[in-house]
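Presented below is the structure to which this report refers.
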Number of protein chains: 2
Amino acid sequence: MTDSATTPPSPAEPPASARDHILECALKLFAASGPDAVTVRDIAACAHVSPALILHHYGSKQGLRDATDEHVAGIFDAVLDMPIDAVTQDTTVSMIGVLLAATPADSPIPTYLRRLILSGDPAGRKLIRQWFELTRRYVDDATVAGAMEPSTDPDVRAAFLMANDLSMILLQDHLADVLGDDPLSPKGLERWVADAMDAYTSGVFRKETP
Amino acid sequence: MTDSATTPPSPAEPPASARDHILECALKLFAASGPDAVTVRDIAACAHVSPALILHHYGSKQGLRDATDEHVAGIFDAVLDMPIDAVTQDTTVSMIGVLLAATPADSPIPTYLRRLILSGDPAGRKLIRQWFELTRRYVDDATVAGAMEPSTDPDVRAAFLMANDLSMILLQDHLADVLGDDPLSPKGLERWVADAMDAYTSGVFRKETP
DNA sequence: TACTGTACTGAACAAGCGTTCAGTTTGCGG
DNA sequence: CCGCAAACTGAACGCTTGTTCAGTACAGTA
């Protein structure tokens, strides 16, 4: 319930309090192994504090999980609030490019996002809803603007594009395995986007086989 | 190490031994909540046996997990071994339709498959590799046959199609949430396949905006 | 200096976990 | 019938887990 307004007014850089450090470690460890596999003692060791301090600050392990979810969702919200124009132009086909550009290369946030989406809890559902609504609006706008072929089922079309986007996060490791390039790395992203754009503009299947 | 050959020769229907019943329950519970969240006692209660019997038959909880993985992978292999012609024709765009047709409607297998793929363990990686290889071969065949537009990066194209397929399993709940139809139900599948085929043949984006 | 609230710790607790084991029941060949 | 291996159980063990709690260190205030 205490938000960042309770912290003393530090102008540019937060003083990296133990509380923030704990959340940072939790984010990293949760992303790497999943919250269930990470113990409070693991996080305490990572943050160089006692396990009791974590409970002191966040009430319970679940409280820390919730705080981490909120933190990531907040970052994601900030990315989603970018003007939609930035999404449509350049090689940035999708939300993924924007998200990757907004987070450092070794950030655990994409990985954590994957877990959040697949965990089935409301935070992930809300996140997907926002993502879908944004894509849905984009489909309408682009269709009206003549940049997109009209679809008889725009909801499915938006979900189709979103799912395609998401699969890069969800299947990152597997795609890296079969393609040889991490699809979320600059090189891998370029390969992926190039072929995806080609598929989306030139089509994949021929209408009939002459 | 003891395979099904050790069971007595029952002609049509396996006698549903306690051992099989345990695996069946494990499959259901693992799919529903994830192996980490399911205790040996949970599985024992589901199968109406003592926890000790599970360890007697499978050695350890990990042994049961491995056995369940193998069982699901075996079913999946049987689906993948279907002739590729069956995949290309009709509304069955993809592996998903074949898989769904091969399993009962309320089967926990698709859900378990999702967990297997995302768990990061070798069983899931092997499975994805097979899936990819099949799709990769399909891309070549369909391109030679003139049914598919040639791609400059066929590996990515195959991964792209596979990922699109997989996203229906991975995002099943979320897609059902935003679309109102479970994409793995007959109705939802029809909606999805119709729009996906449209996108794949007519394209999504226009080449230029006149 | 004395007071107070917050950050923080070490040690312990209760509960739940996977696993073990001695022992009982069951089924089957001799 | 006996004997023996396999199926199966109840009760416990050791360990890890999240959590609690009494107490310490330290800042800010009067």
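Predicted, not measured: the structure shown is a model, and the values here were computed from it. A note on names: the letters A, B, ... follow the listed sequences, proteins ahead of strands, and every chain is numbered from 1.
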What does the list of N/O pairs under 3.5 Å between the protein and nucleotides 12-16 of chain C look like, with a distance for each?
{"unit_1": "C:dA12", "atom_1": "N6", "unit_2": "A:Arg41", "atom_2": "NH2", "d": "3.4"}

With the criterion being N/O to N/O and under 3.5 Å, what pairs connect the protein with nucleotides 20-29 of chain C, and how long is each?
none

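Atom CD1 in B:Ile43 sits roughly 13 Å away from atom C1' in C:dC17 (whole-Å rounding). A:Asp20 has its CG atom 12 Å from the P atom of C:dA7, to the nearest Å. In this structure, CG of A:Leu53 is placed 16 Å from P of D:dG18, rounded to the nearest angstrom. Across the protein-nucleic acid pair, A:Tyr58 atom OH and C:dA7 atom C1' stand 13 Å apart, rounded to whole Å. Rounded to an integer number of Å, the gap from B:Asp36 CG to D:dT16 P is 17 Å. Atom NE2 of A:His56 is separated from atom C1' of D:dA22 by 15 Å (rounded to the nearest Å). The interatomic distance linking A:Gln62 (CD) with D:dT17 (C1') rounds to 15 Å, in whole Å. Atom NZ in B:Lys61 sits about 16 Å away from atom P in D:dT16, given to the nearest Å.
Residue A:His57 places no side-chain N or O under 4.0 Å from the OP1 or OP2 atom of C:dT6.
Qualifying side-chain contact (heavy atoms from CB on, under 4.5 Å) partners for B:Ala163, counting only residues two or more places apart in sequence or in other chains: A:Ser167, A:Leu171, A:Trp192. By the salt bridge (Lys or Arg N to Asp or Glu O under 4.0 Å) test, A:Arg129 pairs with B:Asp177, sequence neighbours left out. Contacts of B:Phe76 classified as ring pair (Phe, Tyr, Trp, His ring centres under 6.0 Å), with partners at least two apart in sequence or in another chain: B:Trp131. Partners of B:Glu133 by side-chain contact (heavy atoms from CB on, under 4.5 Å), not counting sequence neighbours, listed by chain and number: B:Arg137.
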Donor-acceptor contacts under 3.5 Å from residues 47-59 of chain A side chains, at least two apart:
{"unit_1": "A:Ser50", "atom_1": "OG", "unit_2": "A:Leu53", "atom_2": "N", "d": "3.4"}
{"unit_1": "A:Tyr58", "atom_1": "OH", "unit_2": "A:Arg19", "atom_2": "O", "d": "2.9"}

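The side chain of A:Ser50 approaches C:dC8 more closely than any other nucleotide in the set D:dT19, D:dT9, C:dC8.
A salt bridge (Lys or Arg N to Asp or Glu O under 4.0 Å) check over residues 154-163 of chain A, counting only residues at least two apart or in different chains, returns the pairs A:Arg136-A:Asp155, A:Arg157-B:Asp195, A:Arg157-B:Asp198. Sorted by first and then second residue, the pairs that involve residues 48-73 of chain A and meet salt bridge (Lys or Arg N to Asp or Glu O under 4.0 Å), not counting sequence neighbours, are A:Asp36-A:Arg65.
Looking only at distances, a side-chain donor or acceptor of A:Ser185 sits under 3.5 Å from a matching main-chain atom of A:Asp182. Within the 3.5 Å criterion, the main-chain N or O of B:Leu99 finds a donor-acceptor partner in the side chain of B:Thr103.
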